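Below: one structure, written as structure tokens.
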2 protein chains.
Amino acid sequence: MQRKSFDEMPCPIARSLERVGEWWSILILRDAFRGLTRFEEFQKNLGIAPNMLTRRLSSLVEAGMLERRRYNDRPPRYEYVLTERGRDFRSVLGTLMAFGNRHFAPEGASIMIVDAVTGEPAEPVLVDRRSGRPLVEPDFVLAPGPAANAATVEQLANRKADMAPPARTKDSDA
Amino acid sequence: MQRKSFDEMPCPIARSLERVGEWWSILILRDAFRGLTRFEEFQKNLGIAPNMLTRRLSSLVEAGMLERRRYNDRPPRYEYVLTERGRDFRSVLGTLMAFGNRHFAPEGASIMIVDAVTGEPAEPVLVDRRSGRPLVEPDFVLAPGPAANAATVEQLANRKADMAPPARTKDSDA
DNA sequence: GTGAGTCAGTAGCATGATGAAACTTACTAT
DNA sequence: ATAGTAAGTTTCATCATGCTACTGACTCAC
């Protein structure tokens, strides 16, 4: 069975995962952010099999996250560099890193984001750019966007308090 | 071949992906944030095969992201609710949603985060909680944490400008 | 008290994704 | 001419994914 595609789903999370959700893809992007560009560099650093690396790099190029470019003509040699879209993935990696450090690093953080000048560790939080307010539960909610379909609208209407713990009501009225 | 484990890697991103990086897992969490709790709800909404759903729910429970709890005794019925750790995954979903909306929603956003009062769409950015400054390239950099191993330290030392485009130097001195 | 429906799964099997190891191509360096 | 490097491709085993059908334990309508 082919892996089911998320691409038809109207959800931006599903669409993103369709491009970067495969095994290895995100780690390749992580390494690209750390400055790796060459096939061999990725291969050594990740311990990935070369055939897998070929497939993942190709799909990331196809998704517009990486650009494959020849840096040497004879012999032909290629490197993979982040595109603008790829660089925009930074915030996702940032939150994922922070999440991992909070929950899966019992020995303490092994890598973190720090102030470039002071060296002070940063504490990444997601906020609204304009107001600067953190995007947390009661202040901000999920809502259908301009391109939402009926199903999305209905699903969101069914429970506005999208991040709420178990304030279940359906049991009674179903 | 068994899927290679990321768990031994000292990287918080790799560790997180080990728990939530499988196909479907993140979409299940997304639905949990939208208020779904029951097996059947997930199954219908995602269009996932029931055996896959069973496996993914179990692994998310094992990872401490969801809690399986009995809400009915006769017959035994279970629901899956986000744990504290699971709720902490919110920021990752938020950035992923924003990223997907920016790059893979040509028809426009179908779902977004809005101000609960005004309905104004939020623009999610990642900032340092204390200073409020956005976590972007020249101001903030990656650095080894207290639990970093030698390899991590060296890799980061090799290129401090972690997000920099192709300012390659290794060609010349290698 | 029989049949239909609901909920939360299991079981069986086809197919495709993942992975290890070996091999290839096209050069450069000694 | 031999070894080494960089960027892959090929082959093949095995594991994960996915579809369909089925089960178990009940509840509710008639």
Side-chain angles (χ1 to χ4, degrees), chain A residues 1-9 14 17-28 31-32 36-61 66-81 168 170-174, chain B residues 1-6 8 17-18 20-28 31-32 36-61 66-81 168 170-174:
Chain A
M1 294 287 107
Q2 196 179 117
R3 176 175 280 181
K4 193 164 178 185
S5 168
F6 297 160
D7 220 22
E8 306 311 309
M9 303 180 182
L17 289 175
E18 182 67 28
R19 272 80 173 190
V20 303
E22 289 176 289
W23 217 231
W24 293 110
S25 293
I26 291 182
L27 291 186
I28 291 171
D31 277 6
L36 306 197
T37 60
R38 316 238 279 230
F39 192 91
E40 202 213 21
E41 290 177 327
F42 290 113
Q43 216 231 299
K44 277 211 180 96
N45 194 56
L46 292 168
I48 185 179
N51 55 348
M52 292 310 305
L53 183 54
T54 299
R55 291 174 211 170
R56 286 303 102 87
L57 285 172
S58 307
S59 72
L60 288 171
V61 166
L66 294 177
E67 185 197 344
R68 180 183 200 247
R69 69 175 174 220
R70 175 178 287 216
Y71 70 89
N72 197 16
D73 270 333
R74 324 191 40 74
R77 286 294 134 82
Y78 301 93
E79 60 179 1
Y80 298 85
V81 294
R168 299 199 42 76
K170 274 207 257 166
D171 287 351
S172 28
D173 54 46
Chain B
M1 294 289 108
Q2 196 179 115
R3 178 173 276 180
K4 193 162 178 185
S5 167
F6 297 160
E8 305 311 309
L17 289 174
E18 181 67 28
V20 304
E22 288 177 292
W23 217 232
W24 294 112
S25 293
I26 291 182
L27 291 186
I28 292 171
D31 278 6
L36 306 197
T37 60
R38 316 238 278 230
F39 192 93
E40 201 212 22
E41 290 176 328
F42 290 113
Q43 217 230 298
K44 278 211 179 94
N45 193 56
L46 291 169
I48 185 179
N51 53 351
M52 291 310 305
L53 182 54
T54 299
R55 290 175 213 170
R56 286 301 102 89
L57 286 172
S58 306
S59 71
L60 288 171
V61 167
L66 295 177
E67 186 197 343
R68 181 183 198 247
R69 68 175 173 219
R70 176 177 287 215
Y71 70 91
N72 196 17
D73 270 336
R74 321 189 43 72
R77 286 295 133 83
Y78 302 93
E79 61 179 1
Y80 297 86
V81 295
R168 302 198 43 75
K170 275 210 258 164
D171 288 351
S172 26
D173 54 47

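In the text below, chain A, chain B and the rest are named by the order of the sequence lines, each starting its count at 1. All of these numbers come straight from a predicted model, not from anything done at the bench.
Among all heavy-atom pairs drawn from A:S5 and A:M9, the shortest one is O-CE, 4.5 Å. In terms of heavy atoms, A:G47 sits closest to B:K4 at O-NZ, 2.6 Å.
In this structure, A:K4 atom NZ and D:dT20 atom C1' are separated by 14 Å, rounded to whole Å. Rounded to an integer number of Å, the gap from CD1 of B:I28 to P of D:dG18 is 11 Å. The distance from atom CG of A:N72 to atom P of D:dG8 is 13 Å, rounded to the nearest whole Å. C:dT28 atom C1' lies 12 Å from atom OH of A:Y71, rounded to whole Å. The nearest whole Å value for the distance from the CD atom in A:E22 to the C1' atom in D:dT17 is 13 Å. In this structure, A:E41 atom CD and D:dT5 atom C1' are separated by 13 Å, rounded to whole Å. Per the geometry, CG belonging to A:L66 stands 16 Å off C1' belonging to D:dA7, to the nearest Å. In this structure, CZ of A:R56 is placed 8 Å from C1' of C:dT18, rounded to the nearest angstrom.
The phosphate of C:dC7 has neither OP1 nor OP2 within less than 4.0 Å of any side-chain N or O from B:Y80. Within the 4.0 Å cut-off from OP1 or OP2 of C:dA8, not a single side-chain nitrogen or oxygen of B:T54 is found. Contact check, B:W24 against D:dA16: no side-chain N or O comes under 4.0 Å of OP1 or OP2. The side chain of B:R55 contributes no N or O atom lying less than 4.0 Å from OP1 or OP2 of C:dT10. Residue A:R69 places none of its side-chain N or O atoms closer than 4.0 Å to OP1 or OP2 of D:dA7.
Residue A:F42 is classed as having no contact, given no heavy-atom separation below 4.0 Å to the nucleic acid. Among the heavy atoms of the strands, none lies under 4.0 Å from A:R70. Using a 4.0 Å heavy-atom distance criterion, B:Y78 is classed as a sugar-phosphate-only contact.
Of the residues near DNA chain D, A:Q43 and A:S5, the one whose nearest nucleotide (by heavy atom distance) lies more toward the 5' end is A:Q43.
In this structure, a donor-acceptor pair under 3.5 Å is present between the side chains of A:R68 and A:Y80.
Separation of atoms CZ (B:R55) and CG (B:L60) is listed at 14.0 Å; rounding is to 0.5 Å.
Nearest nucleotide to the A:R38 side chain, out of C:dT18, D:dA7, D:dT17: D:dA7.
Residues satisfying the side-chain hydrogen bond (donor to acceptor under 3.5 Å, both in side chains) criterion with B:N45, sequence neighbours excluded, are A:Q155, B:D31.
DNA chain D lies under 4.0 Å from at least one heavy atom of each of the following residues of residues 46-53 of chain A: A:P50, A:N51.
Between A:R70 and A:E79 no salt bridge is recorded (no basic side-chain N to carboxylate O distance below 4.0 Å).
Taking the six-membered ring for Trp and the full ring otherwise, B:W24 and B:F42 have centroids separated by 6.0 Å or more.
Annotation: side chain of A:Y78 is not in contact with side chain of A:R69 (no heavy-atom distance under 4.5 Å). A:Y71 is not listed as a side-chain neighbour of A:T37, based on a closest heavy-atom distance of 4.5 Å or more.
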Might you list the N or O atoms of the protein lying below 3.5 Å from N or O atoms in nucleotides 24-26 of chain D, with each pair's distance?
| from | atom 1 | to | atom 2 | distance (Å) |
| --- | --- | --- | --- | --- |
| D:dC26 | OP1 | B:R74 | NH1 | 3.4 |
| D:dC26 | OP1 | B:R74 | NH2 | 2.9 |
| D:dC26 | O3' | B:R74 | O | 3.4 |

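At least one donor-acceptor pair under 3.5 Å links the side chain of A:T54 to the backbone N or O of A:P50.
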